[in-house]
K.L.:
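I have a structure I would like to understand better, so I am pasting it below and will then ask my questions one at a time.
The figures that follow rest on heavy atoms only: side chains count, while hydrogens, waters and symmetry mates do not. A note on names: the letters A, B, ... follow the listed sequences, proteins ahead of strands, and every chain is numbered from 1.
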Amino acid sequence: MFETAIDLEEWMVADEHSLAALEVATPEAYRADYPDREFSDEDLAERVQRRQATALAYDGWATYNMGDTELAFERFAAADDVGSVSYLGVPNTPLYTFWGRAALGEGDFDSAIEFLGAEAAFGNDGSGAEVYLREAYAAKNGDEEGFDELLWATRNELATTVDDFTLLDYEGNEISMANVRTGKVTLLAFWFPT
Amino acid sequence: MELPRLQPLYEQYKDQGFEVIAIEAKRDTERATKFIEENGLTYTMLENAEDDAEIVGSIFKVRSFPSSFLIDRDGKVMYFHLGFEAGDEEHLEEEIKTLL
């Protein structure tokens with residue numbers, strides 16, 4: 001088994017992460033992590049699902065680095081099935097980075113570019129994925145010429161059109177998002193005071 | 001998003017058609033208004049709605065803060081940022097310029 005391993009350390013670290021995520025992928029564990037908050041059953045189910053999907057993503061990466069490629073890609077697909085995507089349509093787990101890196105390792109540059117491109121553009125680990133995306137792009141094309149254009153094209157292709165909404169400002173006025181942003185470049189920032 | 005760091009960007013580019021909308025997710029009105037005043041923030045500041053009408057978690061699925069979306073003139077979300085470290089405003093400025 002160790003002879004076929006691709007990367008022992010990646011395997012062990014990913015395995016640890018997977019087990020840790022799985023251990024807390026229950027409603028009880030989630031509630032225990034946030035004792036002062038209340039969650040609806042639906043909300044809680046979604047949050048637990050994310051932990052399950054995270055566990056599977058790490059499990060896939062561990063399995064790949066262990067050397068069982070076929071099983072690894074099955075695990076990635078299973079993580080994908082569990083779901084848990086962000087508003088922008090990208091998994092909010094490391095799945096696409098791992099899946100893309102595994103595809104890169106197997107010489108499947110097109111799949112690597114697809115997964116890593118989505119993550120680089122809109123994932124939680126965009127800059128991390130971009131490093132591997134460059135690698136995949138250069139492996140496919142011989143050099144990095146045109147890379148910036150690829151990333152820009154990916155953003156355009158996958159971009160979500162933002163929902164409209166109406167909320168109150170601090171003077172009690174109803175403000176519609178569409179009214180503020182139409183024709184403008186808009187930064188929509190979510191925060192809370194600490 | 002380190003909100004105060006957005007104020008200079010807003011002032012610099014608003015005449016070219018740049019807007020900032022900040023949504024306070026936890027409805028801590030007192031602390032939010034104090035923060036806005038202390039930091040002289042003049043861009044659009046909104047408060048998340050309550051319960052079924054709330055949008056931050058349910059529509060935008062935001063769980064980690066700060067999170068931000070940079071939206072082009074046609075309403076397409078072109079960039080996403082999770083967190084905001086020192087120096088991130090330079091990347092953000094470059095991104096804003098590509099969309100203006």
Side-chain angles (χ1 to χ4, degrees), chain A residues 37-40 42-43 46-47 50 84-90 92 119-127 148 151-152 154-194, chain B residues 1-3 6 9-10 13-14 16-29 31-36 43-49 53 55-82 84 92 96 98-100:
Chain A
R37 293 186 56 188
E38 266 176 50
F39 302 104
S40 69
E42 197 186 314
D43 192 13
E46 208 180 294
R47 289 163 184 265
R50 178 176 174 175
S84 197
V85 291
S86 70
Y87 176 70
L88 301 180
V90 177
N92 48 28
E119 182 74 22
F122 299 119
N124 289 347
D125 183 27
S127 49
D148 290 341
L151 194 43
W152 181 251
T154 303
R155 289 185 187 281
N156 264 298
E157 194 189 311
L158 300 179
T160 303
T161 300
V162 71
D163 282 68
D164 190 17
F165 56 82
T166 300
L167 293 175
L168 295 177
D169 69 11
Y170 291 97
E171 276 90 53
N173 304 308
E174 276 194 351
I175 307 293
S176 131
M177 160 72 154
N179 279 348
V180 176
R181 72 144 196 88
T182 301
K184 310 271 183 76
V185 171
T186 308
L187 181 70
L188 179 60
F190 300 95
W191 71 293
F192 62 84
T194 45
Chain B
M1 216 32 55
E2 284 278 30
L3 296 196
L6 300 181
L9 274 174
Y10 172 64
Y13 292 104
K14 69 182 213 232
Q16 294 181 54
F18 175 58
E19 286 285 356
V20 177
I21 302 176
I23 301 181
E24 201 277 279
K26 303 283 167 75
R27 301 173 49 80
D28 190 340
T29 314
R31 278 167 97 186
T33 48
K34 187 162 172 251
F35 186 84
I36 293 162
Y43 46 79
T44 305
M45 306 286 305
L46 306 176
E47 186 174 85
N48 193 15
I55 64 154
V56 176
S58 54
I59 294 183
F60 292 102
K61 302 194 188 173
V62 174
R63 302 260 183 271
S64 303
F65 300 87
S67 283
S68 64
F69 301 135
L70 186 58
I71 304 161
D72 75 4
R73 296 186 192 272
D74 298 322
K76 288 163 67 180
V77 182
M78 294 297 283
Y79 296 93
F80 167 64
H81 288 281
L82 182 61
F84 198 69
L92 185 56
I96 292 165
T98 65
L99 302 180
L100 282 171

K.L.:
Go through the atoms of B:I55 and report whether side chain, backbone, both or neither lie under 4.5 Å from a heavy atom of chain A.
P.N.:
side chain
K.L.:
Hey, which of A:V180, A:D163, A:T166 has the most heavy atom pairs under 4.5 Å with chain B?
P.N.:
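Maximum pair count with chain B is reached by A:V180.
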K.L.:
By side-chain hydrogen bond (donor to acceptor under 3.5 Å, both in side chains), which residues pair with B:D72, not counting sequence neighbours?
P.N.:
none
K.L.:
Can you tell me how far CG of A:N124 sits from NE2 of B:H81, rounded to the nearest 0.5 angstrom?
P.N.:
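Output value for this atom pair is 12.5 Å.
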K.L.:
Let me confirm one number: the CD-OG1 distance from B:E19 to A:T182, rounded to the nearest 0.5 Å.
P.N.:
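It is 10.5 Å, given to the nearest 0.5 Å.
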K.L.:
Could you report the tightest heavy-atom contact between B:M45 and A:Y170, atom names first, then the distance?
P.N.:
O-CD1, 3.6 Å
K.L.:
Rounded to the nearest 0.5 Å, how far does CG of B:L46 lie from CD of A:E174?
P.N.:
11.0 Å
K.L.:
Looking at B:F18, B:F69, B:Y10, B:Y43, which one has more heavy-atom pairs under 4.5 Å with chain A than the rest?
P.N.:
B:F69
K.L.:
Name the region of B:L70, side chain, backbone, both or neither, that has any atom closer than 4.5 Å to a heavy atom of chain A.
P.N.:
both
K.L.:
By a 4.5 Å heavy-atom criterion (distance strictly below it), what part of A:N173 contacts chain B: side chain, backbone, both, or neither?
P.N.:
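Neither part.
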K.L.:
Does any heavy atom of chain B fall under 4.5 Å from the side chain of A:F165, the backbone, both, or neither of them?
P.N.:
side chain
K.L.:
Given that the side chain runs from C-beta out, which part of A:L168 has a heavy atom under 4.5 Å from chain B: side chain, backbone, both or neither?
P.N.:
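Looking at A:L168, just its backbone touches chain B.
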K.L.:
Between A:P193 and B:A32, which heavy-atom pair has the shortest distance, and what is it?
P.N.:
CG-N, 4.0 Å
K.L.:
CD1/B:I71 to CG/A:L187 distance, rounded to the nearest 0.5 angstrom?
P.N.:
8.0 Å
K.L.:
Taking the six-membered ring for Trp and the full ring for Phe, Tyr or His, determine whether the centres of A:W191 and B:F35 are under 6.0 Å apart.
P.N.:
yes
K.L.:
If I measure from the heavy atoms of chain A, does B:Y79 come under 4.5 Å with its side chain, its backbone, both, or neither?
P.N.:
both
K.L.:
Between A:G183, A:A159, A:A121, A:S86, which residue shows the highest count of heavy-atom pairs closer than 4.5 Å to chain B?
P.N.:
A:G183
K.L.:
How long is the span from the CH2 atom in A:W152 to the CE atom in B:M78, to the nearest 0.5 Å?
P.N.:
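Here the rounded value is 3.5 Å.
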K.L.:
Among A:D43, A:D169, A:V162, which residue has the highest count of heavy-atom pairs closer than 4.5 Å to chain B?
P.N.:
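Most heavy-atom pairs within the cutoff with chain B belong to A:V162.
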K.L.:
Carefully, step by step, assess A:F192 and B:N48 under the rule side chain to side chain contact (heavy atoms under 4.5 Å, CB included).
P.N.:
CA-CA 10 Å; A:F192 62 84; B:N48 193 15; over 6 Å; no
K.L.:
Identify which part of B:I36 has an atom lying under 4.5 Å from any heavy atom of chain A, answering side chain, backbone, both or neither.
P.N.:
side chain
K.L.:
At a heavy-atom separation under 4.5 Å, does B:R63 approach chain A through its side chain, its backbone, both, or neither?
P.N.:
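The side chain, not the backbone.
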K.L.:
Using non-hydrogen atoms and a 4.5 Å limit, figure out which bit of A:E46 sits close to chain B: side chain, backbone, both or neither.
P.N.:
side chain
K.L.:
Under 6.0 Å between ring centres: does that hold for A:F122 and B:F80?
P.N.:
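Centroid distance A:F122-B:F80: not below 6.0 Å, so no.
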K.L.:
Identify the two heavy atoms, one from B:L99 and one from A:V185, that lie closest to each other, and give their separation to 0.1 Å.
P.N.:
O-CG2, 3.5 Å
K.L.:
Determine the minimum heavy-atom distance between A:Y87 and B:F60, stating which atoms define it.
P.N.:
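Closest approach of A:Y87 to B:F60, heavy atoms only: CB-O, 3.4 Å.
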K.L.:
To the nearest 0.5 angstrom, please state how far the CZ atom of B:R73 sits from the OG1 atom of A:T186.
P.N.:
9.0 Å
K.L.:
Which atom names give the shortest non-hydrogen contact between B:D74 and A:R181, and what distance separates them?
P.N.:
C-NH1, 4.0 Å
K.L.:
Against chain A, label B:V20 side chain, backbone, both or neither, depending on which of its atoms sit under 4.5 Å from a heavy atom there.
P.N.:
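Contact with chain A: backbone and side chain both.
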